[in-house]
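The first residue in the sequence is number 1, and the count goes up from there.
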Amino acid sequence: MTTVREAVIERNTNETQIRLNFAIDGEGQSSLATSVPFMNHMLDLFTKHGQFNLTVDANGDIEIDDHHTTEDIGICLGIALKEALGDKKGIKRYGNAFVPMDEALAQVVVDLSNRPHLEFRAQFPSQKVGTFDTELVHEFLWKLALEARMNLHVIVHYGQNTHHIIEAIFKALGRALDEATTIDPRIKGVPSTKGML
């Protein structure tokens, strides 16, 4: 019997109301209504390139700014990823992806280690893409890594267009996580000499 690796998360605060459904073994399908259009675009890319299924319904205090909504989506996605992984038996654990987007090249490396860390080696030429504050990319990724309890390294090797750089990051994130979450039939139990992750 195959275990369904999926989780549904609801988070309601005075700042945001979020319902998120995440399936690891998906078909790259997304249904996204986050009230932050740029995040809709990035999450769609993440889902498509990771071959996940993702549904997000998020309302937040965007009349203030996009910070709370973006941060809380990262929290919910991280929790969902951790729950969907279950006991992590048989997973590859590590993932690495390089993604070019025109002149930009991003690399994302992940370890589903239960040791949360974000190493973020990226600089954005612009502070905004449309109305979206680019500093929120770090905020989203840090909360994702923290709640998923994964070691996440993001390295932008080069790039000039801020939109291209961020797009490459989210595509690489999806591909790296797809690799790390893949079940390898050669792996018995969890891939750790500690006997647990």
Side-chain angles (χ1 to χ4, degrees), residues 3-13 15-26 28 30-36 38-60 66-88 91-97 106 108-120 122 132 135-155 166 169-182 190 192 196-197:
T3 302
V4 177
R5 300 193 297 168
E6 186 174 8
V8 178
I9 304 298
E10 288 195 40
R11 177 182 169 87
N12 295 295
T13 72
E15 298 166 342
T16 63
Q17 301 79 47
I18 297 172
R19 180 179 171 83
L20 183 149
N21 185 302
F22 177 70
I24 292 172
D25 305 305
S30 64
S31 176
L32 306 166
T34 73
S35 71
V36 181
F38 188 74
M39 280 305 297
N40 287 342
H41 180 36
M42 293 303 111
L43 290 171
D44 184 46
L45 296 169
F46 162 78
T47 304
K48 179 68 70 176
H49 286 267
Q51 288 297 299
F52 308 125
N53 285 349
L54 177 65
T55 301
V56 183
D57 186 5
N59 292 299
D66 295 339
H67 184 108
H68 295 141
T69 304
T70 302
E71 177 182 35
D72 287 6
I73 292 169
I75 289 170
C76 291
L77 183 57
I79 294 169
L81 174 58
K82 184 176 183 296
E83 286 192 13
L85 279 169
D87 60 15
K88 300 182 183 176
I91 64 166
K92 287 189 173 182
R93 175 179 167 178
Y94 298 99
N96 177 37
V108 173
V109 185
V110 301
D111 176 10
L112 299 173
S113 59
N114 205 35
R115 295 164 61 94
H117 180 79
L118 172 64
E119 196 65 36
F120 189 76
F132 183 82
E135 68 178 9
L136 295 180
V137 173
H138 180 278
E139 197 67 28
F140 172 85
L141 293 171
W142 167 229
K143 294 310 188 300
L144 172 66
L146 184 64
E147 297 298 338
R149 298 194 59 82
M150 70 175 167
N151 186 348
L152 173 59
H153 289 241
V154 176
I155 305 138
I166 299 171
I169 289 170
F170 274 82
K171 288 177 177 177
L173 176 65
R175 289 178 174 270
L177 274 174
D178 180 40
E179 181 180 356
T181 58
T182 295
V190 297
S192 171
M196 63 177 291
L197 284 174

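- Scanning for side-chain hydrogen bond (donor to acceptor under 3.5 Å, both in side chains) contacts around Asn96 gives Gln107, with sequence neighbours left out.
- The ring pair (Phe, Tyr, Trp, His ring centres under 6.0 Å) search around Phe120 returns His138, not counting sequence neighbours.
- For Ala7 against Ala84, the heavy-atom pair with the smallest separation is CB-N, 4.0 Å.
- Considering all non-hydrogen atoms of both residues, Leu81 and Leu177 come closest at CD2-CD2, 4.0 Å.
- Ring centers of Phe140 and Phe170: under 6.0 Å apart, within the cut-off.
- Expressed to the nearest 0.5 Å, how far CG of Leu32 lies from CE of Met39 amounts to 9.0 Å.
- Note that the CE atom of Met150 and the NZ atom of Lys82 stand 13.0 Å from one another [nearest 0.5 Å].
- In terms of the salt bridge (Lys or Arg N to Asp or Glu O under 4.0 Å) criterion, residue partners of Arg11 (sequence neighbours excluded) are, by chain and number, Asp72.
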Check your understanding: Could you walk me through whether Asn40 and Thr34 pass the side-chain hydrogen bond (donor to acceptor under 3.5 Å, both in side chains) check?
Key -> CA-CA 6 Å; Asn40 287 342; Thr34 73; 2.8 Å; yes

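- Note: Ser30 OG to Phe52 CZ = 12.5 Å, rounded to the nearest 0.5 Å.
- Across all non-hydrogen atoms, the minimal contact from Leu136 to His67 is CD2-ND1, 3.3 Å.
- Proximity of Leu54 to Leu77: side-chain heavy atoms (C-beta onward) are separated by under 4.5 Å at one or more points.
- Taking Thr70 as the reference, nothing meets the side-chain hydrogen bond (donor to acceptor under 3.5 Å, both in side chains) condition, with sequence neighbours excluded.
- Listed by first then second residue, pairs satisfying side chain to side chain donor-acceptor pair (under 3.5 Å) with a partner in residues 47-56 read His49-Arg175, not counting sequence neighbours.
- Residues satisfying the ring pair (Phe, Tyr, Trp, His ring centres under 6.0 Å) criterion with Phe38, sequence neighbours excluded, are Phe132, His163.
- Within the 4.5 Å cutoff, side-chain heavy atoms of Leu85 are placed close to those of Leu112.
- Summarising the geometry of Ile169 relative to Ala106, their closest heavy-atom pair is N-CB, 3.7 Å, with the distance given to 0.1 Å.
- In plain terms, the two heavy atoms of Ala176 and Val108 that are nearest each other are CB-O, 3.5 Å.
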Table please: side-chain donor-acceptor pairs of residues 17-26 below 3.5 Å, with sequence neighbours left out.
| unit_1 | atom_1 | unit_2 | atom_2 | d |
| --- | --- | --- | --- | --- |
| Gln17 | NE2 | Thr13 | O | 3.2 |
| Arg19 | NH1 | Glu10 | OE2 | 2.5 |
| Asn21 | ND2 | Glu6 | OE2 | 3.4 |
| Asp25 | OD1 | Arg5 | NH2 | 2.8 |
| Asp25 | OD2 | Arg5 | NE | 3.0 |

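- Residue pairs meeting the salt bridge (Lys or Arg N to Asp or Glu O under 4.0 Å) criterion with at least one member in residues 140-151, sequence neighbours excluded, are Glu71-Lys143, Glu139-Lys143.
- Taking the side-chain hydrogen bond (donor to acceptor under 3.5 Å, both in side chains) definition, one finds that Asp111 meets it with Arg93, sequence neighbours left out.
- For the side-chain hydrogen bond (donor to acceptor under 3.5 Å, both in side chains) test, residues two or more places apart in sequence or in another chain that qualify with Asn151 are His153.
- In terms of heavy-atom proximity, Ala145 sits nearest to Pro116 at O-CB, 3.6 Å.
- Ser113 places a side-chain N or O within 3.5 Å of a backbone atom of Arg115 that can act as its donor or acceptor partner.
- With sequence neighbours excluded, the residues that form a salt bridge (Lys or Arg N to Asp or Glu O under 4.0 Å) with Glu119 are Arg121.
- The backbone N or O of Asn12 sits nowhere less than 3.5 Å from a side-chain atom of Thr16 that would complete a donor-acceptor pair.
- A donor-acceptor contact closer than 3.5 angstrom is absent between the side chains of Ser35 and Asn59.
- Each of Leu144, Asp178, Val154 was checked for a side-chain contact (heavy atoms from CB on, under 4.5 Å) with Leu173, and the lone residue meeting it is Leu144.
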